[in-house]
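Just so we're on the same page: letters track the sequence lines, and every chain starts at 1.
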Amino acid sequence: MCTLELKNLRKAYGNVEVIKGVDLTINDREFVVFVGPSGCGKSTLLRMIAGLEEISGGELLIDGVRVNQVPPDKRGLAMVFQSYALYPHMNVADNMAFALRLAGVPKAERDARVAVAAKTLQLDALLDRKPANLSGGQRQRVAIGRAIVRQPKAFLFDEPLSNLDAALRVQTRIEIAKLHNDLKSTMIYVTHDQIEAMTLADRIVVFNAGRIEQVGTPLELYHNPANLFVAGFIGSPKMNLIGAEVVQTDGSASMLKLEGGSGFAVPARLAPGAKVTLGLRPEHIELAPEGGLAGKVEVVEHLGNETIAYADIGAAQPLTVKLSSDAPVRLGETLHFALRGHAASLFDEQGQAIALPGT
Amino acid sequence: MANAKPKMQHRAKLMRTWPLLTPAVGVLLLWALVPLAMTLWFSFQRYNLVDPTISGFAGWSNYKFLVESPAFLASILNELVMVAAVLVITLVLGVAFAVLYDQEFPGRAIARLLVIGPFFVMPTVAALIWKNLLMDPVNGVFAYIARSLGFTPLDWFTHAPMAGEVMIVSWEWVPFATLILLTAMQSLDRQQIEAAKMDGARGPQILRYVILPHLSRPITIVMMMETIYLLAVFAEIFVTTSGGPGHATTTLTYLIYQKALVAFDVGGASAGGVIAVILANIVALFLIRSVARNVDL
Ligand SMILES: Nc1ncnc2c1ncn2[C@@H]1O[C@H](COP(=O)(O)OP(=O)(O)OP(=O)(O)O)[C@@H](O)[C@H]1O
Ligand SMILES: [Mg+2]
């Protein structure tokens, strides 16, 4: 059992406030991923939860008990650090058993628990090695093993995969997902990586400048971003965000005039003259024989399984379009684009989402 | 791995480079060997500055005379006691200061400067300051403190001469240890300490399991460097006790000085010098052994 409640949590270094009031409840056995741009305070918040950073304001509750003043080891949480932070002079087994040794657990039980964790993580053969003689991926597994052995209420990960190469990252990501399934414990995971966030999370928390922008399941964030920031942050390639003005409203539909002059109809009743931002996912755009948005192809990226094209539609940013790999796209050609279904997003002048039917 | 080819390559490389290395190595050899050879030579000669008529080969008599003199054994013991005591004190304080000054606190830059300060005070000056301003039984600061607390002031250089020397020399060498260990502390990965905290380690356990292992290499290096200099401590003894009372603070270095420039017995002093070289090598051997064990983890 581990439920974490963050109530208006704040952190200030001197006069600089870096966490500006975070309210969040993390349920038992939930896998929550924190994402956000560099410097937005993800690590700081995680370290506040861990007890490594003092809490300047608000309350942190673990299973309903206020733990603001409780030292890190008494909170029952385990942390996996980005730099692994293994003890270099201890071998793998001693690294994993260190917390138990400090807690006075008898050697036999220590060894048994280390053996179980080592088996789960395929570290059996490496127990006598020093961290210096391990590969990056093996060190990462030892760091995770050190956390598992303690049987914590919740795991905290701070960008645990960022020092691994791409292939190993995918593999370790899958292992972490499996681990979450097996251990059934609460996990909080900080990452920069969209795919890690989307694949691992039960819920994603998007941070910006010390505040939560949106909390939701990966698909909620993808389909219904609450504001421009989340819209631009979730999804790769990025969502196309095009400035527009409402020119005409009739019934339940409005006509937009996009930057660059094209027209675009949306199924919402808007005030004529209002300035809005239209959001189109690259993967929701398809080629059309004529009409719709027209643009000259500036860059084509053939990725094998798909083709990304960047077309100049007269707006500030080129329109990014994700097409199938056999799409007939040539540089310099003028193409017409249409939207598949009604999968557009609309944001008002303050950057907040405007609800559209069917999304 | 013992392959013939790399060996040959190594030899060929040596052939190409040794003509270039020879001048430097030659100068160094002359520099070190000539005085050593002369000392060895004199140690087997009858050579007394007071009476030039006494001369010729002396055999082992210089050594015999030295070893049988009551000052000799005492001087070696004093030497070892001083080196060991100063090493322990400087390392304990050095680690303490390194950990302390690694923390963030207001005025840290000035505090660091102050703790490094004694390093720049010449040994003679340092010894005079301690002898006359601090440890003097009548006018010294220690005496003043003792009296104001109701104790009788201690006449350091009469009643605890070796402790006095050790205090002065330690004061001179704590900055060196602090400097090296503080630099090492700054290269300690903070996340290791945080990981230990998460694992339930408190201050003393963090020191024992994270900080000291991290500092073990720099500590052995400090030990090496200090030992080399401590074996040759002279000015402090000369200025404060002149080796006394009796032989209480006579180290081997000081004994050699007494032989050569007080008793004018160059032969005997040279024999002492040779023994000092041997002693230093024995100590160095022990240290290098322990360093090698530490450095090649
Ligand atoms: N000790 C400190 N003193 C002052 N400011 C700090 C301190 N530690 C962090 N900050 C500031 O707090 C903000 C949040 O830092 P944090 O490390 O939490 O960012 P992050 O979201 O984890 O970024 P990244 O994704 O790059 O790891 C940053 O602007 C940083 O400069
Ligand atoms: Mg971070």
Surrounding CD1 of B:Ile110 (heavy atoms of other residues, nucleotides or ligands, distance under 6.0 Å), is the total greater than 12?
no
With a sphere of 6.0 Å drawn around OH of B:Tyr229, does it hold more than 12 non-hydrogen atoms of other residues, nucleotides or ligands?
no
For [X], is it the side chain, the backbone, both, or neither that has a heavy atom closer than 4.5 Å to a heavy atom of chain B?
X	value
A:Pro152	neither
A:Ala50	both
A:Leu86	backbone

Side-chain heavy atoms of B:Leu181 within contact of B:Ile219, under 4.5 Å:
yes
Can you check whether B:Val233 reaches B:Thr251 side chain to side chain, under 4.5 Å on heavy atoms?
no
List in chain and number order the residues that pass side chain to side chain contact (heavy atoms under 4.5 Å, CB included) with B:Ala163, two or more places apart in sequence or in another chain; answer none if no residue qualifies.
B:Trp156, B:Ala160
Not counting sequence neighbours, which residues clear side chain to side chain contact (heavy atoms under 4.5 Å, CB included) with B:Val115? List them please.
B:Phe97, B:Tyr101, B:Thr178
Mind listing the donor-acceptor pairs under 3.5 Å that bridge chain B and chain A?
unit_1   : atom_1 : unit_2   : atom_2 : d
B:Asp189 : OD2    : A:Ser83  : OG     : 3.4
B:Gln191 : OE1    : A:Ser83  : N      : 3.4
B:Gln191 : OE1    : A:Ser83  : OG     : 2.5
B:Glu194 : OE1    : A:Arg47  : NH1    : 2.6
B:Glu194 : OE2    : A:Arg47  : NH1    : 2.9
B:Glu194 : OE2    : A:Arg47  : NH2    : 2.8
B:Ala195 : O      : A:Tyr87  : OH     : 3.4
B:Ala196 : N      : A:Tyr87  : OH     : 3.2
B:Met198 : O      : A:Arg150 : NH1    : 2.9
B:Met198 : O      : A:Arg150 : NH2    : 3.3
B:Asp199 : OD2    : A:Tyr87  : OH     : 2.8
B:Arg202 : NH2    : A:Asp73  : OD1    : 3.0
B:Arg202 : NH2    : A:Asp73  : OD2    : 3.1
B:Tyr209 : O      : A:His89  : NE2    : 2.6
B:Tyr209 : OH     : A:Arg101 : NH2    : 3.4

Under the side chain to side chain donor-acceptor pair (under 3.5 Å) rule, collect the residues that match up with B:Thr249, sequence neighbours excluded.
B:Thr241
